[in-house]
Amino acid sequence: MFRRTHKSDSPFTKPRDPNLAMSLPEKRTTCTTLRVTVNMFSKILSIVQKDQANPTVPLHSGSSVIPSLEELRLDGNLSFENIQYAAMDFGNQYHFLPSAVLYPKSVSDISTIIKHIFEMGITSELTVAAKGHGHSLEGQAQAYRGVVIDMESLQGSEMHFHIGEPPYVDVSGGELWINILHESLKHGLTPKSWTDYLHLTVGGTLSNAGISGQAFRHGPQTNNVYQLEVVTGRGEVVNCSEKQNADLFYGVLGGLGQFGIITGARIALEPAPRMVKWIRVLYSDFSTFSRDQEHLISLESSFDYIEGFVIINRTGLLNNWRLSFDPKDPVQASQFNSDGRTFFCLEIAKYFNPDETVITNQKIDSLLSELNYIQSTLFFSEVSYVEFLDRVHVSELKLREKGLWEIPHPWLNLLIPKCRIQDFAVVVFGKILTDTSNGPILIYPVTKSKWNNRTSIVTPEEDVFYLVSFLSSAMPSSTGTDGLEHILTQNKRILYFCEMAHLGMKQYLPHYSTPEEWRAHFGPRWELFVRRKSTYDPLAILAPGQRIFQKATNFS
């Protein structure tokens, strides 16, 4: 466990719309057959928010200097000017300008700011938000007229590796996962669980869950951390683990930043592979597709990465893959015609070292023989481990060149119980999304047994559930089907269907507007969430952008 006697001693120190409230009923979460009536579906399709105003709050002309903050002695810098970037995030829908941005050079800087605001008491409206790499979707890392802490300012110091058993690395909460990957590989090691995009901070992903195609085996990133260093809403610096300050440890993991700011983490490692066999196959039938996915995650020895995505109205899609994938049978692949239909792609990967190529290929052939994909759509690629894990960044660079990265991203991420995923697919992929999609649609199952139920993460009440992510991009100024208003309305239809059909859905990276919606989201775990808030952040100073609590209000 980490001992703190001085700031330099720590191994972590581094120079919805209310009309569509998603209050899911507590009842009827068992598996039942869905019968969508004509009236019900008509109601879903008729939902159009007439007053769909841009949720953006205009940047006010300038932040006001707060004298008491200026007087604080800090190792880093507290800036009141040129802070507009702190009102921006990847979602690009909400823009709340803070009063100041802290660029901390030590954990004590963060503690000092929060403790000072806490001691100001309820008479101060100041709040604090930790901003990582700015990948929030709904303004969650913003603090209107408050203080935003630039967590990436804590990057830069040497990571502390432990090569023994079990191997781990101590890192700053502001460190990017891509940097951890590169440094770990120098020791022949790698973190176990990832997100699909690695240019995110440790504190940011651990405050949510951190999910990708490895989660079926290793669980989310929150299941692969041994210890945390946290600055609470009282300004206290606390080391915590499952054996020390366990309530805070589990509360902060998936806690949406409500109980403390993660300033350091001890991340579990394992031996790193060097290469990846990367495979894609297609299905025209969703039942077959989902059955194969569920089969693969149930195996003792399976692929190392299992995801899937939905392809809507993409004629000639296999030709798009030929730049980075090779068909197993080029003749059959050339004869495949998608005809603009909806397909489901199974994306799988097997990690290996060069001296294991033969046995790896045999294992892959054996696993593929158990699946029922369209035989002519089998595509292979062989890439390095780093190239595979950092694949999304390549797409980012291409989009940035075209000016299509810093645009609105009205993403919607849902967790759907296995027993209702067929019902979900029939309506959403068959009726709500019929013509095209405005970005990738991911869909893949994970196992609840790999998720520690003591954390703050909320999941469906079933052993297997699916992550379904609608990763839409909205074209600026467009009033068509690729515009922000259309996509937000489409998202509302999906959410409304989930509510009316009693699917037992839970949002991942949740976003709600009212306390009632948040209470419904947490369900029976709401009281524990409130108790932790009142214990570790009693004035509701932290993470105001989540809109769960208001400062200095009664949480009950």
Side-chain angles (χ1 to χ4, degrees), residues 12 14 85-86 88-92 129-142 148-156 159 169-185 190-215 218-225 228 230 252-257 261-269 305 307 385-397 399-400 405-406 409 411 413 439-440 442 455-457 467 469 471 473 508-511 543 545-546:
F12 292 139
K14 296 198 172 190
Y85 85 95
M88 302 290 291
D89 60 25
F90 184 70
N92 204 12
K131 179 183 177 70
H133 204 53
H135 213 260
S136 296
L137 298 173
E138 311 278 354
Q140 289 96 332
Q142 299 175 29
V148 169
I149 300 176
D150 189 319
M151 294 301 293
E152 288 192 82
S153 294
L154 283 177
Q155 286 180 224
M159 301 176 198
V169 59
D170 291 331
V171 300
S172 160
E175 193 62 79
L176 297 181
W177 285 99
I178 183 64
N179 296 337
I180 298 173
L181 172 62
H182 287 306
E183 291 300 314
S184 298
L185 289 176
T190 176
K192 297 178 179 180
S193 190
W194 299 98
T195 56
D196 285 326
Y197 180 62
L198 303 190
H199 295 252
L200 304 172
T201 60
V202 168
T205 63
L206 293 182
S207 295
N208 289 280
I211 315 174
S212 80
Q214 297 88 3
H218 297 293
Q221 291 181 317
T222 49
N223 263 52
N224 295 278
V225 55
L228 297 173
V230 175
V252 167
L253 293 173
L256 306 176
I261 294 175
I262 298 173
T263 52
R266 178 166 288 177
I267 306 297
L269 302 175
Y305 164 97
E307 286 196 9
Y385 183 61
V386 172
E387 185 178 353
F388 175 74
L389 291 180
D390 201 30
R391 62 198 179 280
V392 177
H393 185 56
V394 176
S395 299
E396 174 191 350
L397 296 177
L399 291 172
R400 284 189 182 278
W405 184 257
E406 295 178 350
H409 294 94
W411 287 8
N413 296 276
L442 304 184
T455 69
S456 294
I457 304 168
L467 172 70
S469 295
L471 308 183
S473 298
Y508 175 60
L509 307 177
H511 170 68
Q546 294 284 1

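In what follows, every heavy atom counts, from backbone to side chain, and hydrogens, waters and symmetry copies are set aside. Note that the structure is a prediction, hence the values are computed from the model and not measured.
- The shortest non-hydrogen separation linking Ser212 to Asp196 is CB-OD1, 3.4 Å.
- Between Thr195 and Gln221 the shortest side-chain heavy-atom distance falls below 4.5 Å.
- Of all heavy-atom pairs between Ser473 and His409, the closest is OG-CD2, 3.3 Å.
- When only modelled atom types and interatomic distance are considered, Trp177 and Thr205 share a side-chain donor-acceptor pair under 3.5 Å.
- A 4.5 Å side-chain heavy-atom check between Glu406 and Arg400 finds at least one atom pair inside the cut-off.
- Distance check: Asn224 CG to Thr222 OG1 gives 8.0 Å after rounding to the nearest 0.5 Å.
- A donor-acceptor pair under 3.5 Å is absent between the side-chain atoms of Ser469 and the main chain of Leu471, judged by distance alone.
- Note that the NE2 atom of His133 and the CG atom of Leu198 stand 11.0 Å from one another [nearest 0.5 Å].
- Smallest separation of non-hydrogen atoms from Ala209 and Pro220: O-CB, 3.5 Å.
- Counting heavy atoms from C-beta on, the side chains of Leu228 and Leu206 come closer than 4.5 Å.
- In this structure, His218 and Asn223 have side chains that are not in contact, with every pair of non-hydrogen atoms separated by 4.5 Å or more.
- At a threshold of 4.5 Å between non-hydrogen side-chain atoms, the residues Met151 and Ile261 count as touching.
- Annotation for Lys192 and Leu269: closest pair CE-O, 3.7 Å, computed over non-hydrogen atoms.
- A distance of 9.5 Å separates CD in Glu138 from CG in Leu509, rounded to the nearest 0.5 Å.
- Across all their heavy atoms, Thr201 and Gly132 have their closest contact at CG2-CA, 3.6 Å.
- The backbone N or O of Gly219 lies less than 3.5 Å from a partner atom in the side chain of Ser193, making a donor-acceptor pair.
- Taking the six-membered ring where tryptophan is involved, the planes of Trp405 and Tyr197 are tilted, since the angle between them lies from 30° to 60°.
- Comment: Glu152 does not engage Lys131 in a salt bridge, judged by the lack of any side-chain N to carboxylate O separation of less than 4.0 angstrom.
- To the nearest 0.5 Å, atom NE2 of residue His199 and atom CD1 of residue Ile178 are 4.5 Å apart.
- The residue from Asn179, Ile180, Leu154 that alone fulfils the side chain to side chain contact (heavy atoms under 4.5 Å, CB included) condition with Val202 is Ile180.
- Nearest heavy atoms, Thr455 versus Leu253: CB-O, 3.4 Å.
- Separating the CD atom in Glu307 from the CD atom in Gln214 is a distance of 7.5 Å, to the nearest 0.5 Å.
- Residues Leu185 and Tyr385 are in side-chain contact: their nearest non-hydrogen atoms beyond the backbone lie under 4.5 Å apart.
- Note that the CG atom of Asn208 and the OG atom of Ser136 stand 7.5 Å from one another [nearest 0.5 Å].
- Using a 4.5 Å heavy-atom threshold, the side chains of Ser207 and Ile262 count as touching.
- Between Leu137 and Asn413 there is a side-chain heavy-atom pair separated by less than 4.5 Å.
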